[in-house]
Structures are given as C-alpha cells and as structure tokens.
Amino acid sequence: MAFRRPLIVIVNFIVLTAGVKIATADEPVPTPWPHQFHALLFMNYSGDLSMIDLWYDWINGRNFNIIQEQLGGITYDLEWNNGTSFIYSLDESKSCRSAQLEVGILRPNWLDGAKYLGQKNVSGFLCNVWEKVDFIWYYEDVITKRPVQWIFYTGREAHVMTYEVGAVLEDEKWQAPVYCFNKEKKGLSTKKALSGFKGYKEKAAL
C-alpha cells in the first residue's frame with residue numbers, strides 16, 4: 001500500500017516562504033482559519049479522486065487527515081505542532097511511517113502575505129481569490145468567509161464540501177497505533193517523499 005501526502009500537509013511547504021504583503025485599504029485579506037474546525041474535502045487530481053476528512057486543532061497543536069481513496073484504502077496522516085508526523089493504515093498490513101519535520105502544522109494565519117487576485121464565481125459561489133507564492137490559489141466565499149476550494153500549482157484541487165467551525169475530534173482518536181513506535185515496523189515507499197518534504201520545509205524556515 002503506497003502512501004500519498006494529503007494536500008493539507010503539502011500546504012506546510014509554503015508557510016514561511018513568502019514575505020509580508022501590505023494590503024491596500026480596499027483590498028480584502030484572507031480570513032484566518034478557526035482555531036478548531038472539521039472539513040470534508042473532495043480531492044481531484046486529473047481524475048484521481050479521493051476524500052479527506054480534515055480535523056484542524058490549533059489549540060492542541062495537532063492536525064489530522066483521514067484519506068479515503070476512490071474504491072481503495074484509507075490512509076491516516078497525523079501531524080503535531082512539534083514537527084512529528086505519522087502516516088499509517090489501520091488494516092492488516094499495519095503499515096506506518098513517521099517523520100520529524102522542522103515546521104509544525106499550519107498556523108491559522110498561514111495565508112498572510114498572499115496576493116489578492118480579485119473575485120471569481122466558483123461552483124455557484126462568488127469568491128475572493130488569493131495566490132500564495134505561486135504555489136496555491138485559495139478561494140473564499142465573499143459573504144460567509146468560508147473556504148470554497150484551493151488549487152495547487154500541480155493542478156490538484158481541494159473542494160470544501162462541509163465546514164464545521166469549532167468541531168473537535170475525541171482525544172482518544174488522535175493516538176497513533178502502537179506499531180508506529182516499533183522501529184522494526186515501517187510503511188511502504190514513503191521515505192523519498194518525506195525526505196523531500198523535510199528538505200523543503202527546512203528551506204522555508206530560512
């Protein structure tokens with residue numbers, strides 16, 4: 001079973017890369033993320049489809065992505081603000097890969113410094129649009145200030161299906177399985193991806 005990094009993790013690449021952009025008085029700025037929320041994301045990458053059950057919990061320094069591949073398995077991506085990350089399955093393979101990164105989860109204001117591009121109608125919603133360091137395009141509903149979608153430079157799209165501000169996942173569900181702490185037990189083919197991810201984030205922190 002091969003693991004793929006969910007989009008919410010990839011966003012970490014750009015957290016610290018952009019300088020602060022001073023907005024003009026008549027230019028909207030992105031709404032900071034709530035300190036706790038739950039969102040269901042429909043992912044599309046050139047027809048490769050998946051759903052991400054996203055639990056963001058800045059207060060407790062953690063972020064959880066539960067990724068359901070179309071007609072496939074489920075991957076769990078658990079991230080902590082100290083840079084620790086676990087990517088694992090709960091099936092009989094008991095696969096797990098861990099990483100220690102220099103940067104933790106996304107800050108609520110991770111879109112600070114994004115360039116405003118104007119407004120666009122997306123899936124029936126009038127959205128303000130921002131671009132962050134030529135890496136991600138973020139669409140926010142003009143009226144409700146809720147995110148509608150974001151698109152990565154690769155063309156991978158995240159469509160927000162539900163958005164529950166203040167929702168919190170039970171504490172016991174944030175615990176990685178015991179086999180993630182067994183040094184002899186490793187997951188499948190994620191070493192290269194995690195190595196590149198770590199290198200980019202170290203560069204972003206400069």
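Everything numeric here is computed off the predicted structure, so don't read it as measured data.
- W33 and W150 have tilted rings, their planes meeting at an angle from 30° to 60° on a 0 to 90° scale.
- The aromatic ring centroids of F181 and F86 lie less than 6.0 Å from each other.
- Partners of H159 by ring-ring contact (aromatic ring centres under 6.0 Å, His included), not counting sequence neighbours: none found.
- For the atom pair I74 CD1 and D53 CG, the distance stands at 9.5 Å (nearest 0.5 Å).
- There is no path of hydrophobic side-chain contacts, each under 4.5 Å, that joins V29 to L126.
- Clustering ILVMFWY residues whenever any of their side-chain heavy atoms sit less than 4.5 angstrom apart, transitively, puts I52 in the very cluster that holds V165.
- Considering OG of S50 and CZ of R156, their distance stands at 7.0 Å, rounded to 0.5 Å.
- For the pair D91 (side chain) and S93 (backbone), a donor-acceptor distance under 3.5 Å is present.
- Under the 3.5 Å distance criterion, the side-chain polar atoms of N121 are left unmatched by any main-chain donor or acceptor of G124.
- Under a 3.5 Å cut-off, the side chain of K94 and the backbone N or O of P177 do not form any donor-acceptor pair.
- Counting only distance, with no hydrogens or angles, the side chain of T162 and the backbone of L40 share a donor-acceptor pair below 3.5 Å.
- When hydrophobic clusters are built by joining Ile, Leu, Val, Met, Phe, Trp and Tyr residues whose side-chain heavy atoms come closer than 4.5 Å, directly or via intermediates, F135 is grouped together with L117.
- Under the 3.5 Å distance criterion, the side-chain polar atoms of Q68 are matched with a main-chain donor or acceptor of G72.
- A single hydrophobic cluster is not seen to contain both V142 and I151; linkage of ILVMFWY side chains at heavy-atom distances under 4.5 Å, directly or through other members, places them apart.
- Distance check: N63 CG to L54 CG gives 5.5 Å after rounding to the nearest 0.5 Å.
- In this structure, Y56 contributes its side chain and L106 its backbone to a donor-acceptor pair below 3.5 Å.
- Relative orientation of the Y88 and F64 rings is tilted, given thresholds of 30° and 60° on the angle between their planes.
- Using a 3.5 Å distance cut-off with no hydrogens or angles, the side chains of D134 and Y153 do not pair a donor with an acceptor.
- Within the structure, salt bridge (Lys or Arg N to Asp or Glu O under 4.0 Å) contacts touching residues 135-148 (residues at least two apart or in different chains) do not occur.
- Proximity of a side-chain donor or acceptor of Q100 to a complementary backbone N or O of N82 within less than 3.5 Å is detected.
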